[in-house]
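First comes the structure, then the notes that go with it.
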Amino acid sequence: MSARTIFGMIRNVSVLIRELEDAGMRVEVGDDFSLYRYYRNACADRGDLPPMFDTASSFIDASNGFWICGFNDADELIHTQAIRILDLSGISLGKHLDMHRHKYIVPDTTPDPDLTFFQGPEALKTVTGTVGYCGDFWLPSRGLGGPRSHGATGLLSRLLFELLLQSWQPDYVFAFVPKQLASKGAHLRYGYSHCEPGRWIGPDQQVTDEEYLIWMNATDIKNVLARDVQALRKSSQVSAMRAALTSIDFTG
């Protein structure tokens, strides 16, 4: 990677961090997934840590993953996301999901995970090579006042893509989003170029869950990062996001 490219990445990350800090979020990036699990377990109202990012279920460390967490002024966890690099050389994403479906299936959505498979997207056949899997993206939402409505999602996703490209130069990156979020254009807020409907098919050929596969190839990622960071330039927008982040009720 050229010095100019590295400088551009540093500049963009600096803008992203500054924007988030101005809005009331302190960002922490790490690759100790035992610490990540500790942070996640502090969120009583969330489900279990996904197996792909849990050291109790998968091997993940600095060699194949990192995480991003955000904290408010009270040092309360208000954001998580993580990425894991998969070596899919000589194998398609579809085959990978067939073999490791237990680590991707949403808990309690199927009567038999052993006989449940993800189907639908054409990208399952073409995504291969060095592939990043993004997951566990979370921001607390309290209606229209939640931080998602004030630009945090785009900033945080952009931060991950900046670090991902610098770290591994992946051929592809993908994630899953629930059908109801995909129908509202969630992949656009996350910065993804492609969005395909998919279904988990259970043992009796029933649809056990519907998730959309969102993905980008290497060119898509570079195109996204070539754009200027969409900063929260309006003071009213920054103030609204800060208010949302500092007024969250974590007691349930």
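- If you take CG on Asp228 and CG on Asn12, they are separated by 8.0 Å, rounding to the nearest 0.5 Å.
- Taking CG of Asn217 as the start and NZ of Lys222 as the end, the distance is 10.0 Å to the nearest 0.5 Å.
- How far CG of Leu49 is from CG of Asn41: 7.5 Å, rounded to the nearest 0.5 Å.
- Taking CH2 of Trp67 as the reference point, atom CD of Gln81 lies at 12.0 Å (rounded to 0.5 Å).
- When only modelled atom types and interatomic distance are considered, Tyr172 and His194 share no side-chain donor-acceptor pair under 3.5 Å.
- Hydrophobic clustering, with ILVMFWY side chains joined whenever heavy atoms are under 4.5 angstrom apart, keeps Phe117 apart from Val127.
- Between Leu159 and Ile17, some side-chain heavy-atom pair lies under the 4.5 Å cut-off.
- Val106 and Met52 sit in two unconnected hydrophobic clusters of ILVMFWY residues. Membership requires side-chain heavy atoms under 4.5 Å apart, directly or through other members.
- Within the model, atoms CG of Asp48 and CZ of Arg37 stand 8.5 Å from one another, a figure rounded to the nearest 0.5 Å.
- Under the 6.0 Å cut-off for aromatic ring centres, Tyr212 and Phe176 do not qualify, their centroids lying 6.0 Å or more apart.
- In the hydrophobic cluster analysis, where Ile, Leu, Val, Met, Phe, Trp and Tyr join through side-chain heavy atoms closer than 4.5 angstrom, Leu213 is grouped together with Met99.
- Aromatic ring centres of His79 and Phe137: separated by under 6.0 Å.
- The two residues Thr55 and Ser34 have their closest heavy-atom pair at OG1-OG, 4.1 Å.
- Side chain of Asp75 to main chain of Asn72: no donor-acceptor pair is present (N/O by atom type, distance under 3.5 Å, no hydrogens or angles).
- Residues satisfying the side chain to side chain donor-acceptor pair (under 3.5 Å) criterion with Arg101, sequence neighbours excluded, are absent altogether.
- Taking the six-membered ring for Trp and the full ring otherwise, the centers of Tyr190 and Phe161 sit at least 6.0 Å from each other.
- Between Glu28 and Tyr39, the side chains place a donor N or O and an acceptor N or O closer than 3.5 Å (distance only, hydrogens not considered).
- In this structure, the ring of Phe33 has its center no less than 6.0 angstrom from the ring center of Phe59.
- Among residues two or more places apart in sequence or in another chain, the side-chain contact (heavy atoms from CB on, under 4.5 Å) test is passed with Glu196 by Pro121, Glu122, Ala123, Trp215.
- Taking the side chain as every heavy atom from C-beta outward, Leu156 and Met25 approach each other to under 4.5 Å.
- Between the Thr109 side chain and the Thr208 main chain, no donor and acceptor come within less than 3.5 Å of each other.
- Residues Ser63 and Ile85 are not in side-chain contact: their nearest non-hydrogen atoms beyond the backbone lie 4.5 Å or more apart.
- When atom types are taken as modelled, the side chain of Thr128 and the backbone of Leu88 share a donor-acceptor pair closer than 3.5 angstrom.
- Ionic pairing of Asp136 and Arg84 is not present here: no N-O contact between side-chain nitrogen and carboxylate oxygen is shorter than 4.0 angstrom.
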Begin from the C-alpha positions of Asp31 and Asp61 and carry the test side chain to side chain contact (heavy atoms under 4.5 Å, CB included) through to its verdict.
-> CA-CA 6 Å; Asp31 50 36; Asp61 62 8; over 6 Å; no
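- Gln206 contributes a side-chain N or O that, together with a main-chain N or O of Asp204, makes up a donor-acceptor pair within less than 3.5 Å.
- Scanning both residues, Cys134 and Val173, for their nearest heavy atoms gives SG-CG2, 3.5 Å.
- Using a 4.5 Å cut-off on side-chain heavy atoms (C-beta onward), Arg158 and Leu225 make contact.
- Between Tyr104 and the options Trp200, Phe118, Tyr133, a ring pair (Phe, Tyr, Trp, His ring centres under 6.0 Å) holds for only Tyr133.
- Ser193 places no side-chain N or O within 3.5 Å of a backbone atom of Met216 that could act as its donor or acceptor partner.
- At least one donor-acceptor pair under 3.5 Å links the side chain of Asp54 to the backbone N or O of Ala56.
- Between the CD atom of Gln169 and the OG1 atom of Thr130 there is a distance of 10.0 Å, given to the nearest 0.5 Å.
- When all heavy atoms of Thr80 and Cys69 are compared, the closest pair comes out as CG2-SG, 4.2 Å.
- Side-chain atoms of Ser183 come within 3.5 Å of backbone atoms of Gln180 as a donor-acceptor pair (strictly under, hydrogens ignored).
- Under the 30°/60° scheme for interplanar angles, the aromatic rings of Phe66 and Trp168 are found to lie parallel.
- In terms of heavy atoms, Tyr192 sits closest to Ala175 at OH-CB, 3.8 Å.
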Determine, stepwise, if the pair Asp114 / His102 fulfils side chain to side chain contact (heavy atoms under 4.5 Å, CB included).
-> CA-CA 8 Å; Asp114 289 335; His102 296 82; 2.6 Å; yes
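- Hydrophobic clustering, with ILVMFWY side chains joined whenever heavy atoms are under 4.5 angstrom apart, keeps Leu155 apart from Leu188.
- Tracing side-chain contacts under 4.5 Å through hydrophobic residues (I, L, V, M, F, W, Y), one reaches Ile6 starting from Val15; they form part of the same cluster.
- With contacts defined as side-chain heavy-atom distances shorter than 4.5 Å, the pair Leu93/Phe174 qualifies.
- By the 4.5 Å heavy-atom criterion applied to side chains, Val27 and Ile68 are counted as neighbours.
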